[in-house]
Protein chains: 2
Amino acid sequence: MGEKRSYGQYCTVARALDVVGERWTLLLVRELSTGPKRFKDLLEGLPGIGTNLLANRLKTLEGEGVVRRATLPPPAGSNVYELTALGRSLEPVIVALSRWGTRFLSVPREDDDLRAGWAAVAMRSVLGQGAAGGRPGTYEFRIDGEAFHLRVGAGEEGERVETRQGSAPDPDLVVVGDAETFLAVASGRLGPEEALESGAIRVEGERDEGQEALLAWYRHAIGPPAA
Amino acid sequence: MGEKRSYGQYCTVARALDVVGERWTLLLVRELSTGPKRFKDLLEGLPGIGTNLLANRLKTLEGEGVVRRATLPPPAGSNVYELTALGRSLEPVIVALSRWGTRFLSVPREDDDLRAGWAAVAMRSVLGQGAAGGRPGTYEFRIDGEAFHLRVGAGEEGERVETRQGSAPDPDLVVVGDAETFLAVASGRLGPEEALESGAIRVEGERDEGQEALLAWYRHAIGPPAA
DNA sequence: CGGAATCCTCTTCGATACTG
DNA sequence: CAGTATCGAAGAGGATTCCG
């Protein structure tokens, strides 16, 4: 039984792909990159994977130290899967793929699935491109009614960004919109100005100040349309 | 007939993987990342792929604008495959995977294949981590008798690095060694000092000055052992 | 509800042989 | 040398069932 297929190359890239190169695996990491999830949530976020394949991938990744099983603290108490430190260190891979994939996004195809979390991942991936000088802070996104927050910290080289599902306790800014709009903005297809003017994206709280801050942040983070 | 399998997700990561997520594809990009190659050379660098699969991948990637066919200028005149600009922009993906895969490298396994080019890719991927202040220049590596050169240019944010097969016309430094040693150094398993002292890696040209420069460069580029 | 196991069909892979 | 053709083996994927 599955003796673990390997490329059999003494090469850093091949070794990485031995672990995360199989079908679905990196998408599974993407799902967990915003926080722990139950088996059922993962199925929801990976339409078409099938329960057996998901279980297999999880088992393999757990064996390799990329994923870990955990139990959420009360009152939740659910069994979840989460990334280990090793798994979280795949972030640059996800970001690089996300940036590269942006140019293939165009518009949703017939039968394309769409999840709020994917828009959050896309938003995260367009950040931290500029060198220092970003705007550290916590930004909450409510995408199709689901909350995510991005913590932008001023690191040594470029910004350190973390995206997690759920509300932030102390957001500097709360932005509301739908997934397709956020993806359009992340891909550079829709300018933040137009998105705000048309009402496709709204800022909660003190409107004028918040809106100005968001625009400034967008402009810095996303930069000129489509790299 | 192969209607082109897709994850069917309106997501930047999934779209990227729709194009380069299949088995062998990113390794094929790795092979081409150091320069154009003939069909035969690609087979050599992807042991086990099978001619039909390689032909399929190349055709698909050509259709997607990642790879292009070209004819080398005389006197070579061979038909080769090379990356387009779109293909070259996959560099950050390869680098991210290579860095992540470094920790799985350890020592060659029984039956592991090993190619000089893979060591060059690994060397390239450990560069440009430090912020500005790197040492721009051209470094030639002769790995197992094969020549590669890395051009490090001082860019805006971090260094811009390009790796190509073949000799450089004007190398600032020529370093000679075998693939396994270079991979050990790239992975942080072997310090550059030890590698030079043991003679596993040699510097050509004016020894003392060159050796000092190489060491300084290594230290800056690679930094403290194993990030 | 969470997930493992089974069954069956289909596609892809991988190795070799064959052709322009 | 550069592919195409072929075919057995392995993996994907969808449904369904079983177990805690």
Side-chain angles (χ1 to χ4, degrees), chain A residues 1-9 14 17-28 31-32 35-63 67-72 74-82 111 113, chain B residues 1-9 14 17-28 31-32 36-64 67-72 74-82 111 113:
Chain A
M1 333 205 131
E3 273 305 304
K4 173 134 190 48
R5 166 137 52 152
S6 162
Y7 285 109
Q9 302 185 354
L17 291 172
D18 278 343
V19 179
V20 295
E22 285 179 308
R23 187 161 167 81
W24 292 111
T25 301
L26 280 170
L27 294 186
L28 174 51
E31 287 301 302
L32 293 177
K37 286 199 165 57
R38 293 172 302 172
F39 191 89
K40 186 197 183 181
D41 302 325
L42 290 171
L43 276 180
E44 243 297 299
L46 300 169
I49 193 179
T51 61
N52 52 354
L53 195 46
L54 176 56
N56 279 347
R57 292 283 184 274
L58 284 169
K59 207 175 301 176
T60 304
L61 288 176
E62 195 183 349
V67 162
R68 167 177 47 210
R69 309 186 58 145
T71 304
L72 250 39
S78 14
N79 289 324
V80 293
Y81 294 90
E82 64 183 10
D111 295 338
D113 283 294
Chain B
M1 335 206 131
E3 273 306 302
K4 174 138 190 45
R5 166 134 53 153
S6 161
Y7 284 109
Q9 302 184 354
L17 291 172
D18 277 343
V19 179
V20 296
E22 285 178 307
R23 187 162 167 79
W24 292 110
T25 301
L26 280 170
L27 293 186
L28 174 51
E31 287 301 302
L32 294 177
K37 285 198 167 54
R38 292 171 303 172
F39 192 90
K40 185 200 181 183
D41 303 324
L42 291 171
L43 276 179
E44 244 296 300
L46 301 168
I49 192 179
T51 59
N52 56 347
L53 196 46
L54 176 55
N56 279 347
R57 291 283 184 273
L58 284 168
K59 209 174 301 178
T60 305
L61 288 176
E62 196 183 347
E64 275 151 344
V67 162
R68 168 179 45 212
R69 309 188 56 149
T71 304
L72 249 39
S78 12
N79 288 324
V80 293
Y81 293 91
E82 64 184 9
D111 295 338
D113 282 293

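Chain A is the first sequence line, chain B the second, and so forth, proteins listed ahead of strands; every chain is numbered from 1.
Rounded to whole Å, the distance from CD on Glu44(B) to C1' on dC1(D) is 14 Å. Between the C1' atom of dG14(C) and the OH atom of Tyr7(A) lies a distance of 13 Å, rounded to the nearest Å. Taking atom CG on Leu54(A) and atom C1' on dG14(D), their separation rounds to 14 Å, with Å as the unit. With rounding to whole Å, Leu46(A) atom CG is found 14 Å from dA12(D) atom P. Rounded to an integer number of Å, the gap from CG of Leu53(A) to P of dA4(C) is 13 Å.
At least one side-chain heavy atom of Arg38(B) sits under 4.5 Å from a side-chain heavy atom of Val80(B). Residues Leu42(B) and Leu32(B) meet the side-chain proximity criterion, which asks for heavy atoms closer than 4.5 Å. Between Leu61(B) and Glu64(B), the closest side-chain pair of non-hydrogen atoms falls below 4.5 Å. Here the side chains of Tyr81(A) and Arg69(A) are in contact, with some heavy-atom distance below 4.5 Å.
Taking a 4.0 Å limit (strictly below) on heavy-atom distances, residues 17-28 of chain B reaches DNA chain C at Arg23(B), Trp24(B).
Across every non-hydrogen atom of Pro47(B) and Asp113(B), the tightest pair is CG-OD2, 3.4 Å.
How far CD1 of Ile49(B) is from CG of Leu54(B): 4.5 Å, rounded to the nearest 0.5 Å. Considering CH2 of Trp24(A) and CG of Leu58(A), their distance stands at 13.0 Å, rounded to 0.5 Å.
A close approach under 4.0 Å does occur between a side-chain nitrogen or oxygen of Arg57(B) and OP1 or OP2 of dC13(C).
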- request: Would you check, one step at a time, whether the test side chain to side chain contact (heavy atoms under 4.5 Å, CB included) holds for Arg23(A) with Leu53(A)?
  value: CA-CA 10 Å; Arg23(A) 187 161 167 81; Leu53(A) 195 46; over 6 Å; no
What does the list of N/O pairs under 3.5 Å between the protein and nucleotides 2-6 of chain D look like, with a distance for each?
unit_1: dA2(D); atom_1: OP2; unit_2: Lys40(B); atom_2: N; d: 3.0
unit_1: dG3(D); atom_1: OP1; unit_2: Arg69(B); atom_2: NH1; d: 3.1
unit_1: dG3(D); atom_1: OP1; unit_2: Arg69(B); atom_2: NH2; d: 3.1
unit_1: dG3(D); atom_1: OP1; unit_2: Tyr81(B); atom_2: OH; d: 3.4
unit_1: dG3(D); atom_1: OP2; unit_2: Tyr81(B); atom_2: OH; d: 2.6
unit_1: dT4(D); atom_1: OP1; unit_2: Lys59(B); atom_2: NZ; d: 3.3
unit_1: dT4(D); atom_1: O4; unit_2: Thr51(B); atom_2: OG1; d: 2.6
unit_1: dT6(D); atom_1: O4; unit_2: Asn52(B); atom_2: ND2; d: 3.0

